[in-house]
Amino acid sequence: MAAVDSDIEPLPRGGFRCCLCHITTANRPSLDAHLGGRKHRHLEELRATRKAQGLRSVFVSGFPRDVGSAQLSEYFQAFGPVASVVMDKDKGVFAIVEMGDLGAREAVLSQPQHSLGGHRLRVRPREQKEFQSPASRSPKRVAPDSHQLIKALAEAPDVEAQMVKLVGLRELSEAERQLRSLVVALMQEVFSEFFPGCVVHPFGSSINSFDVHGCDLDLFLDLGDLDEPQPAPKAPESPSLDSALASPLDPQALACTPASPPDSQPPASPQDSEALDFEAPSSSLAPRTPDSALASETLASPQSLPPASPLQEDQGEGDLGKAVELAEALKREKAEGGAMLELVGSILRGCVPGVYRVQTVPSARRPVVKFCHRPSGLHGDVSLSNRLALHNSRFLSLCSELDGRVRPLVYTLRCWAQGQGLSGSGPLLNNYALTLLVIYFLQTRDPPVLPTVSQLTQKAGEGEQVEVDGWDCSFPRDASRLEPSTNKEPLSSLLAQFFSCVSCWDLRGSLLSLREGQALPVAEGLPSNLSEGLRLGPMNLQDPFDLSHNVAANVTSRVAGRLQNCCRAAANYCRSLQYQRRSSRGRDWGLLPLLQPSSPSSMLSATPIPLPPASFTQLTAALAQVLREALGCHIEQGTKRLWSEGGGPGEPPQGGTSKRAKLDGQKKSCEEGSEEQQGCAGEHGEDGVEEMVIEVGESGQDWAMQSPGQPGELPLMTGKHLATREEGQSGTEALAEQGPRGPEAACKGSQAEAEKRVSLSVSWRCALWHRVWQGRRRARRRLQQQIKEGGGAGAGSGAEWLATEARVTRELRGLSSTEQRPEAEPLLTFVASASQAGQSLTVTPLQDSQGLFPDLHHFLQVFLPQALRNLLK
Ligand code: ATP
Ligand code: MG
């Protein structure tokens, strides 16, 4: 093989990757052809030339700004021939001097001190780092706007191709990666001045293979073991930091800047050296060779970079003083976490050019310093205590390497969840948790797409046995050593199955364990070795390594409910032809409806309103009363029936027939077990028409219980089914087409469990003629005042409360007690569905020409739980 072995990485399924040229070949003969080709040979020569140049070069700083390359050349000629002088053009504070031969360079470096025009020069060897091929050859890509994205996806031949295309459109370009690596190199340079031997490691999406344009830059500043005797943080030596302060991000200046000072030692602890081997070849943000930056034409030129504001630079000088003071103080005392975080904040603020909006967040589970970097447009966090993150980032990257379907699936689901308002900060799932959910799903396929963490641990080789903070983080670093999965499901089917499965998993009642690759029932008591310290909640997803950590502990029941509702709607959509086939009429198809951001109304319709504890019979009776009597809704009659929660494949609904014959006989998939929703992305049929199946007028046998509320006034069963009329195929046919790989087959594991539970879902179709929420509180106060003045009793009992609310509504409608709906058309119609399993109500708009639904939903969220408590007391 012409190339050195380290250039070539074997891939699963017989392929190879040439890390020098960033290309992948399918097999050995194509690899050999590539290695003998012009591109590869040229890059090899370039690398050799750059290496030789690097070995002859020195890095020089500390000269006055008016010194030019001619003067520097003249000065260094005293030591031997000078081949070239490359100046930092923007600020004139750095230079790389390439000597004509190694002897001349040695002569320069062996002189203890250099001075030019009365200024002491700082002369250091130029650091040799890994060669990166010039990025100029790869086309510069920018984040596609949504229009471009939609167009590109619409043109793909099938869903699988859409998913793969989505990755290509969203992932970082080579130039963006290089820009990140320059920022990391800059941080490394600056922090090394204060903490010799420290290492700045990127983690998270920068290295876990799930990068997208503009994703944050998560950094771990590894100071080694703070409990061990440390070299005291040292104050920066001028002029290196002066220069850094003076310069905004300048690729060339950065290129001239060694990543660590010559006196810095490589990390000594096993943890440190272990952490170092994490830099993934393709997405690594390890500080890169100056050569690559110098060679890169795609990086922003100094001129194109916005300058740091003078204000910021002034502030920076102040912070530098503070940082030096802090560093001095820390020299005297043992550094404490909070003080160290402050110091890192001050260094970032004062010493890293272009950094602004620095904010320490000491109260976070993992304290961080947040920052933005103006020239690169990046933002990110620096943490001091997150070694585990390096390992879990590497684990995610390993999962991607293990199976080519992982990246398209995760990219698609991250994009979908973002559009649905399901992922983000606060009570939402963060991207890490969402990615683990997808990996868990892939572990639980039959046969599995990914191995469990336990299986991976067993396969870890000798050098891969790692323990961090007491947690076993051993797994093979090389994906090619593991057997590829025998699961061959197409991506489109895996996506549909994901939605289907998540919609029926028991998120509260079980712990999803990636280590075991199974759901452990919470009620039965979790094995202590697998769960000690876990904070259980509405959604329980265990970290693959820190087993005491529920990565979804922040998720509220409302968000967990919405996640399942959105998944249910998406699973329904995935059964339609619109998902499965490219539209011949240029309409949205496949992924497109799924990825469109949902409207506020559809997000609300997926948000369940929690109901107070009571029997389901009582609740539904009370709900009907509140809707009809207290709020003056017209409720259409319907039926209620038993559902098998998670209903088995092919199991028909118990009783009830659909008004739409074409949906008759439809197989029930697991997500049909509970109430069905509109409102998530994917609800629009090919014609943009939603089909709501309303089942009415069923016989008495459909009733598992006596009708709540008044006899004869029955709630409606509703169910949303998407069917396309394109190409003349019915929804049933579309479903049938899905065959054994459809969502029905997806939930095997949880289905058996789910089938044991029988649950009710009850729905009503409601019509409202007035904004009964507007001014309601005032009207109620007025009424209560009148009642009081008239000597009447307050709303003590449930019946009294109901009577009061009914009067409030009548007043708001401007009606006398006997009048009924004068208006022909209702203001708003909606479906309210109560789910026994979720003990919640979901409300979905049907007709809302004035866009009033969000107001109604906000009102019901507060009003209904309180109303039910009053009525049921
Ligand atoms: P993006 O930044 O694009 O949202 P990401 O892949 O970087 O995506 P983040 O959610 O930012 O994902 O998480 C970054 C890293 O922080 C993860 O790889 C993980 O190491 C750590 N992390 C994030 N959230 C958690 C969590 N809930 N529990 C444990 N570690 C977490
Ligand atoms: Mg991140």
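In listed order, ligands and their atoms are each counted from 1. When reading the values below, keep in mind they use all heavy atoms of this one structure, side chains included, and skip hydrogens, waters and symmetry mates.
- Close approach to Val551 involves these atoms of ligand 1, each under 4.0 Å from a residue heavy atom: 27 (N), 28 (N).
- Protein heavy atom in closest approach to atom 20 (O) of ligand 1: Asn392 OD1, 2.5 Å.
- By heavy-atom distance, the residue among Ile207, Leu436, Asn208, Asn431 lying nearest atom 6 (O) of ligand 1 is Asn208.
- For atom 8 (O) of ligand 1, the closest non-hydrogen atom on the protein side is Arg414 NH1, 3.3 Å.
- The distance from ligand 1 to the heavy atoms of Ser205 drops below 4.0 Å at these ligand atoms: 1 (P), 2 (O), 3 (O), 5 (P), 6 (O), 7 (O), 8 (O).
- Ser474 pairs by the side-chain hydrogen bond (donor to acceptor under 3.5 Å, both in side chains) definition with Gln465, Asp472, not counting sequence neighbours.
- Looking at Arg562 and Gln420, their side chains never bring a donor and an acceptor atom within 3.5 Å of each other.
- Scanning the protein heavy atoms around atom 24 (N) of ligand 1, the nearest turns out to be Asn430 ND2, 2.7 Å.
- Gln455 meets the side-chain hydrogen bond (donor to acceptor under 3.5 Å, both in side chains) test with Thr452; sequence neighbours excluded.
- Taking Asn554 as the reference, nothing meets the side-chain hydrogen bond (donor to acceptor under 3.5 Å, both in side chains) condition, with sequence neighbours excluded.
- Note: Trp505 and Phe441 have tilted aromatic rings, judged against thresholds of 30 and 60 degrees for the angle between ring planes.
- The heavy-atom pair separating Gln542 from Leu547 by the smallest distance is NE2-O, 2.9 Å.
- Using a 4.0 Å cut-off between charged side-chain N and carboxylate O, Arg365 and Asp546 make a salt bridge.
- At least one heavy atom of Phe203 sits closer than 4.0 Å to an atom of ligand 1.
- The shortest N or O to N or O distance between Asn386 and ligand 1 is not under 3.5 Å.
- The shortest contact between atom 2 (O) of ligand 1 and any protein heavy atom is with Asp216 OD1, 2.6 Å.
- The existence of a salt bridge linking Arg407 and Glu171 is confirmed by a sub-4.0 Å separation between a basic side-chain nitrogen and an acidic carboxylate oxygen.
- Between the side chains of Glu342 and Thr360, at least one donor N or O lies within less than 3.5 Å of an accepting N or O.
- Look at Ser393 and you'll find a heavy atom under 4.0 Å from some atom of ligand 1.
- For Asp543, no nitrogen or oxygen atom sits less than 3.5 Å from a nitrogen or oxygen atom of ligand 1, counting backbone and side chain alike.
- Every atom of ligand 1 is numbered from 1 in the order shown, and the set under 4.0 Å from a heavy atom of Cys215 is 3 (O).
- Under the 4.5 Å side-chain criterion, counting only non-hydrogen atoms from C-beta, Leu456 is in contact with Leu482.
- Of the candidates Tyr432, Phe545, Phe220, it is Tyr432 that places a heavy atom closest to atom 25 (C) of ligand 1.
- Counted by atom type alone, Glu489 and Gln497 present one or more donor-acceptor pairs between their side chains at under 3.5 Å.
- Residue His549 has at least one heavy-atom neighbour below 4.0 Å for each of these atoms of ligand 1: 26 (C), 27 (N), 28 (N), 29 (C).
- For atom 11 (O) of ligand 1, the nearest non-hydrogen atom of the protein is Asp218 OD2, 3.8 Å.
- Of all protein atoms, those that are N, O or S and lie under 2.8 Å from the Mg ion (ligand 2) total 2.
- A cation-pi arrangement is absent between Arg170 and Tyr411, since the terminal nitrogen or guanidinium carbon is not both under 6.0 Å from the aromatic centre and inside a 45° cone about the axis.
- Across all non-hydrogen atoms, the minimal contact from Leu514 to Gln443 is O-NE2, 3.1 Å.
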